[in-house]
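Chain identifiers are assigned alphabetically (A, B, ...) following the order of the sequence lines, protein sequences preceding nucleic acid strands; residue numbering begins at 1 within each chain. These numbers come from a predicted model, not from an experiment. What's counted below: heavy atoms across the whole structure, side chains too, no hydrogens, waters or symmetry copies.
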Number of protein chains: 2
Amino acid sequence: MKDGPNIATLAALIGDPARANILTALMSGKALTASELAHEAGVTAQTASSHLRKLEDGALIAHRQQGRHRYFTLTGDEVARALEGLMGLAATQGQLRTRTGPKDQELRTARVCYNHMAGEMGVRLYRSMQDRGAFRTTHSGLDLTPQGYDFVRDLGLNPDGLPPSRAPLCRECLDWSMRQSHLAGRLGRALLSRFEDLGWVARVPDSRILRVSRRGEKEFDSILG
Amino acid sequence: MKDGPNIATLAALIGDPARANILTALMSGKALTASELAHEAGVTAQTASSHLRKLEDGALIAHRQQGRHRYFTLTGDEVARALEGLMGLAATQGQLRTRTGPKDQELRTARVCYNHMAGEMGVRLYRSMQDRGAFRTTHSGLDLTPQGYDFVRDLGLNPDGLPPSRAPLCRECLDWSMRQSHLAGRLGRALLSRFEDLGWVARVPDSRILRVSRRGEKEFDSILG
DNA sequence: GCGATGCTTCGATTAGCGTCGAAGCATGAA
DNA sequence: TTCATGCTTCGACGCTAATCGAAGCATCGC
């Protein structure tokens, strides 16, 4: 009856508090150094180093050297998506870190999920695109329809001009606060940075919170209907 | 930066091999006794008892007493969904338990995911329903459109006649083998048991595999297009 | 009533792993 | 070169948690 992939080692990897803190910090999408992550996790540099090694062996994170610094990131969307899934389950059990403080509310409104937008705004965006028939499902996953292309182009973005990568253009990611899908993948990433460039949203330092500007709110309302 | 729900305790709960085996066994959707689960996990009854207690404290499983037996099940879709998510990530890292044996292929074709259908067939079903506009997203999640009602009724099922519960009617669940959504929720459950009644699919004992009958294949082909 | 079965609690053992101090090794700055 | 910074390796400590034997407690069948 032991069917399917082995989840024990993977879950055990995430299951240590220090490592979970490291992963959560990396969900901001920013590349962080080993010392920064050690501080985030609340452990010494030696301990963090050991954890980082394990996470890297488990292919959850990767690093690139820059001078004497080591910048760590999640290995990709897949990891972020699975972590959001775990957060979703944890949230239903009231395992919130802070008892629904004001910060928590801000997280629900809009936040960064690795490199794309999540929260209420992220789900609204995805739903709106879906409603106008922007997506089509193919054998290999989600793809953009002509309507989808138009929508993206209206935002001043050329889907074909995105940096090529083996990551899919569109991917759905389950939102832990909304329990619905939002858009991930290369397009999700591009849209978030576009919104930042336009000044519609801005990252709050040292957190995953995205603050929606007054102008952003107006624009989103008019675009997403 | 420690934003969002606390995933460490949850992941640690899943991260023990014995407990992971228990949870995987329960993904079949069948209620299993403590001794059966002990056997699945490869530990003694005492050890299993301890694990079951922890899983229950963590609200991942629940039990109901029946005579001198204790039947355990997952607490709901949410749990199954998160576990499938973990399997998805584990699968991308080649953490397959068996090196793509024939059993693995059967799992990918069609399998039980707690109480609904997953795998290729599950994704095909969901995609087909989506293509004919069966779903509509509301503030509370996924809902059936009139077209959706028609589709379900054509299968001899009355969506309004389903046993009421606080679980949503429709819910999407991310498939670990297809990396796309399939249908969960009360409707997902009802559809699977309908397919079983019709003799289109049959559960393979002691596994999550769903075997599609010759007739089932034909029917699915004609219905799902 | 009696024994068998299913499961739990208790207690003791053990192993694994997270933790940090100290030392080592690069890179960068002075 | 010399010192500081960022990070890793080594070694030792300590604690948690998984494990099982033995005993206890229900329930079922006779």
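In this model, no donor atom of one side chain and acceptor atom of the other lie less than 3.5 Å apart for B/Thr109 and B/Glu106. Side-chain contact annotation: B/Thr47 with B/Ser50, donor-acceptor N/O pair under 3.5 Å absent. Defined by atom type and a distance below 3.5 Å, a donor-acceptor pair is missing between the side-chain atoms of A/Ser49 and A/Gln46.
Following rounding to the nearest Å, A/His69 (NE2) and C/dA26 (P) show an atom-to-atom distance of 18 Å. B/Leu13 has its CG atom 18 Å from the P atom of D/dT16, to the nearest Å. In this structure, B/Leu52 places its CG atom 11 Å from C1' of C/dT8, rounding to the nearest Å. Taking atom CD of A/Gln65 as the reference point, atom P of D/dT5 lies 18 Å away to the nearest angstrom. As rounded to whole Å, 15 Å separates atom P of D/dG6 from atom CG of A/Leu32. For B/Glu36 and C/dT5, the CD to P distance is 16 Å, given to the nearest whole Å. Between A/Arg53 atom CZ and C/dT19 atom C1' there is a gap of 17 Å when expressed in whole angstrom units. Look at CZ on B/Arg64: it is 18 Å from P on D/dT27, rounded to the nearest Å.
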Pick out the pairs of N or O atoms, protein on one side and nucleotides 21-26 of chain D on the other, that lie under 3.5 Å.
{"residue": "D/dG21", "atom": "N7", "partner": "B/Gln46", "partner atom": "NE2", "Å": "2.6"}

Show the distances under 3.5 angstrom between N or O atoms of the protein and N or O atoms of nucleotides 11-18 of chain C.
{"residue": "C/dG18", "atom": "OP1", "partner": "A/Arg19", "partner atom": "NH1", "Å": "3.3"}
{"residue": "C/dG18", "atom": "OP1", "partner": "A/Arg19", "partner atom": "NH2", "Å": "3.0"}
{"residue": "C/dG18", "atom": "OP2", "partner": "A/Lys54", "partner atom": "NZ", "Å": "2.6"}

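The side-chain heavy atoms of B/Met117 and B/Leu125, taken from C-beta on, include a pair separated by under 4.5 Å.
Contact detail for A/Ala48 and A/Ala38: the closest heavy-atom pair is CB-CB, 3.5 Å.
Contact annotation for A/Ala34: backbone-only contact, meaning every heavy-atom pair under 4.0 Å involves sugar-phosphate atoms and none involves a base.
When A/Arg171, A/Arg189, A/His182 are each tested for a side chain to side chain donor-acceptor pair (under 3.5 Å) with A/His116, only one passes: A/His182.
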What pairs of donor and acceptor atoms, side-chain ones from residues 54-62 of chain A against any protein atom, are under 3.5 angstrom apart with sequence neighbours left out?
{"residue": "A/Glu56", "atom": "OE1", "partner": "A/His63", "partner atom": "ND1", "Å": "3.2"}
{"residue": "A/Glu56", "atom": "OE2", "partner": "A/His63", "partner atom": "N", "Å": "3.4"}
{"residue": "A/Glu56", "atom": "OE2", "partner": "A/His63", "partner atom": "ND1", "Å": "2.6"}

> Yes or no on salt bridge (charged side-chain N to carboxylate O under 4.0 Å, His left out) for A/Arg208 and A/Glu84, after CA distance, side-chain angles and deciding distance?
Replying inline: CA-CA 13 Å; A/Arg208 294 176 58 196; A/Glu84 278 265 326; 2.9 Å; yes
> Yes or no on side-chain hydrogen bond (donor to acceptor under 3.5 Å, both in side chains) for B/Ser177 and B/Arg111, after CA distance, side-chain angles and deciding distance?
Replying inline: CA-CA 10 Å; B/Ser177 55; B/Arg111 68 176 177 278; 3.1 Å; yes
